[in-house]
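Before anything else, here's the structure in question.
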Amino acid sequence: MKRSRMKDAKDLTEKQSEANKDMAKCSMLGDDLNASISFHDHHASAEEKLIKSQKDSKGEEGKLTRNVTLLQGVSLIVGVMIGSGIFVTPRFVLLHSGSVGMTLLIWIISGVMATLGALCYCELGTMIQRSGGELTYIQEALGPLPGFLVSWTMVLILKPASVAIITLSFASYAVQPFLGNNNTEPEDLIKLVAAISIIIITTVNCVSSRWAGQMQIVFMIMKLLAIGIIVVIGASRIASGHNGNFESPFKGTNTNIGEIAHAFFSGLWAYDGWNQLNYVTEELQNPHKNLPRAVMIALPLVTICYTLINIAYLSILTPAEMLSSTAVAVSVAEKVTPTLVVVMPLFVACSCYGAANGSIFTNGRVVCSAAKQGHMPRYLAVISKRFHTPLRAIMFPSFISICMLILGDLDSLLSCFSFVAWIFLGCTFLSLLVLRWKRPHEYRPYKVWIGIPIVMVMISCYLIIAPLFAKPQSSLFALAFVLSGVPVYFIFVNRNN
């Protein structure tokens, strides 16, 4: 028995010795593994430092920061939508609709259509959280060639021409109080003021997106103040019994479908800008929440403002006076009080300036996104390390805008390309449907009812086909320019990519 116990103890001692040896080997292997990992980590860290030092030596690389708050997002949408149009050209809706009641109905329906379109963009913007708007969504859903054609047209024509026209309106109203009653507007002076305003706004947007956002809030408040003054004057007129224009509101309504379509064109043109926040999605704070919130605040606000200010116009002016006016807000001021004649042009000028600021802010992001995707020279996508803004992408379309100011004839250019914008919008709504089919299980923080994009595609088709029959020559010219990007894509873009 004793001998057996001694043998068992000996066996146990040998097993413990072997276990200790195994543990020692594992420890050595672990040390070797840790050393290897440490070496690779050190090597990777050294490579990262080398890359970082190379970027630092260039002094150009930076990144966009999420500086755009919810309030700034709302002010961006409102600021771009409310430009000079609502103060200057509501008469075109009245001209084509034929009656006061139909005019107000078209303003309301146009606002609803803009809201439905913006809701479609909310789904796309929260699912694809990259800046660029239409060009990003169309490229993602329909392919690189359609995406390039959007970049080609928007960067070279639509965006710069829009800024040039807005700044011309700003310059016209800014110098108006300083001109005598008998003086005609000096064309060269107006172009000079417009060019200077583009340079100033571009500089602010290059230096700080935060400053540009704060400036947009200030001008949004001034726009709403101008609208509020006119609405209060109109309300007081209605309260005092001046409501003759509303007694038979639908009398004289135009029954021609083509004329009603032109009335909707004019109304939707005034609502243009509802998609601006999608151009800066990368800089919007909490885009999955703030993008839908900004849309649901801004679009109903603008629709209410447009409806109320048209009611106010028609409570102060007769339909004949409104149709003969080239600047309805100024005509209202002339009829109410001499003091308002001086103030109102300045309010309209501030409204135009705010719209130009918002447009230049988004234009830079469109160019930057196009350059990132290889549609434009790559150096345009560089983000300033000091200012965290796409300096070159902001300056490029502004330079084109100044060149357009010098060349002139902007109204005919933009009216020629207006239906092209609806081609891109229609393709964007179609992209939503395509992505629903191609990526049914992808996470969508905001999801719109499927019927809305279908309806918007149908509306877009109508707004694309109608101008082709109404103005075939100018529409075909614009379409030819868009298609001229096809050989450019295959020669330069596709080969380089």
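This structure is a prediction, so every number in the text was calculated from the model and none was measured.
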message: Around atom CZ of F477, are there more than 12 heavy atoms from other residues, nucleotides or ligands closer than 6.0 Å?
response: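 Result for CZ/F477: open.
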query: Less than 4.5 Å apart, any side-chain heavy atom of M222 and any of Y353?
result: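 With C-beta onward as the side chain, the pair stays apart.
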- request: Taking the side chain as every heavy atom from C-beta outward, state whether L135 and S369 have any pair of such atoms under 4.5 Å apart.
  value: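 L135 reaches S369 side chain to side chain.
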task: For the pair R91 (side chain) and S325 (backbone), establish whether a donor and an acceptor sit closer than 3.5 Å, ignoring hydrogens and angles.
output: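 Such a contact is found between R91 side chain and S325 backbone.
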Atom pair CD (Q373) and CZ (R378), whose distance is rounded to the nearest 0.5 Å: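 Going from CD on Q373 over to CZ on R378, the span is 9.5 Å.
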Ring centroid separation F92 to W269 under 6.0 Å: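 Not under 6.0 Å, so no.
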- prompt: Has the side chain of T136 got a donor or acceptor atom that lies under 3.5 Å from a matching backbone atom of I128?
  reply: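 Pair absent, no side-chain N/O of T136 close to backbone of I128.
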- request: With the side chain counted from C-beta on, respond yes when I109 and F264 share a heavy-atom pair under 4.5 Å apart, and no when they do not.
  value: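 Touching, per the 4.5 Å side-chain cut-off.
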- prompt: Passes salt bridge (charged side-chain N to carboxylate O under 4.0 Å, His left out), R436 versus E442? Steps please.
  reply: CA-CA 9 Å; R436 285 276 189 99; E442 185 160 344; over 6 Å; no
- prompt: Does a donor on one side chain sit under 3.5 Å from an acceptor on the other, for S97 and T103?
  reply: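 Indeed, the side chains of S97 and T103 share at least one donor-acceptor pair under 3.5 Å.
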message: Less than 4.5 Å apart, side chain to side chain, heavy atoms only: is that true for L479 and I423?
response: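 Yes, close enough: below the 4.5 Å cut-off.
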query: Is K447 reaching over with its side chain to a backbone N or O of E123, donor-acceptor style, under 3.5 angstrom?
result: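 Such a contact is absent between K447 side chain and E123 backbone.
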message: Within the structure provided, determine whether L268 and D272 are in side-chain contact (heavy-atom separation under 4.5 Å).
response: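 A side-chain contact under 4.5 Å is absent here.
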message: Run E140 and R439 through salt bridge (charged side-chain N to carboxylate O under 4.0 Å, His left out) and show every step you take.
response: CA-CA 11 Å; E140 197 77 18; R439 306 178 189 175; 2.6 Å; yes
- request: Measure the acute angle between the ring planes of W107 and Y271, then classify it against the limits of 30° and 60° as parallel, tilted or perpendicular.
  value: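 Correct class here is tilted.
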- prompt: In terms of heavy-atom contacts, does CZ of R210 have more than 12 from other residues, nucleotides or ligands at under 6.0 Å?
  reply: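 Not buried by this count: 12 neighbours or fewer within 6.0 Å.
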query: Taking atom types as modelled and ignoring hydrogens, do the side chains of Q276 and T362 form a donor-acceptor contact shorter than 3.5 angstrom?
result: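 T362 and Q276 do have a side-chain donor-acceptor pair below 3.5 Å.
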task: Compare all side-chain heavy atoms of K159 with those of I400 and state whether any distance is below 4.5 angstrom.
output: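 Side-chain contact under 4.5 Å: no.
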- prompt: How far does SG of C122 sit from NE2 of H288, to the nearest 0.5 angstrom?
  reply: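 Result: 13.0 Å between the selected atoms.
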Note, V68 side chain near Q285 side chain (heavy atom, < 4.5 Å):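 Answer no - side chains too far apart.
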field: Heavy-atom side-chain contact between H388 and S209 under 4.5 Å
entry: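 No, side chains not in contact.
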query: Is the charged tip of R365 near the ring of F361: under 6.0 Å from the six-membered ring centre and within 45° of its axis?
result: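 Pair R365/F361 counts as cation-pi.
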query: Cut-off 3.5 Å, side chains only: do Y137 and N278 have a donor facing an acceptor?
result: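 Yes.
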query: Heavy-atom count around E187 CD within 6.0 Å, excluding the residue itself: above 12?
result: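 Atom CD in E187 is not crowded, with 12 or fewer foreign heavy atoms closer than 6.0 Å.
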message: Does atom CZ (F399) have a neighbourhood of more than 12 heavy atoms from anything else shown, all under 6.0 Å?
response: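 Incorrect, the count does not exceed 12.
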task: Take N357 and Q216, measure what side chain to side chain donor-acceptor pair (under 3.5 Å) needs, and give me the verdict at the end.
output: CA-CA 7 Å; N357 177 64; Q216 196 66 17; 2.6 Å; yes
Shortest non-hydrogen separation from G101 to F250 and the atoms involved: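 The pair with the smallest heavy-atom distance is C-CE2, 3.5 Å.
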- prompt: Can E283 and R66 be said to form a salt bridge (charged side-chain N to carboxylate O under 4.0 Å, His left out), step by step?
  reply: CA-CA 4 Å; E283 294 169 83; R66 294 194 179 275; over 6 Å; no
- prompt: Parallel, tilted or perpendicular for F148 and Y489, by the 30°/60° rule?
  reply: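 Plane angle between 30° and 60°, so tilted.
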- prompt: For residues 293-303, which residue pairs qualify under side-chain hydrogen bond (donor to acceptor under 3.5 Å, both in side chains), counting only residues two or more places apart or in two chains?
  reply: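 Listed by first then second residue: nothing to list.
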Nearest heavy-atom neighbours spanning Y462 and A261: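 Distance-wise, the nearest heavy atoms are OH-CB, 2.7 Å.
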- request: With rounding to the nearest 0.5 Å, note down the distance linking SG in C352 to CZ in F219.
  value: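 Going from the SG atom of C352 to the CZ atom of F219 covers 11.0 Å.
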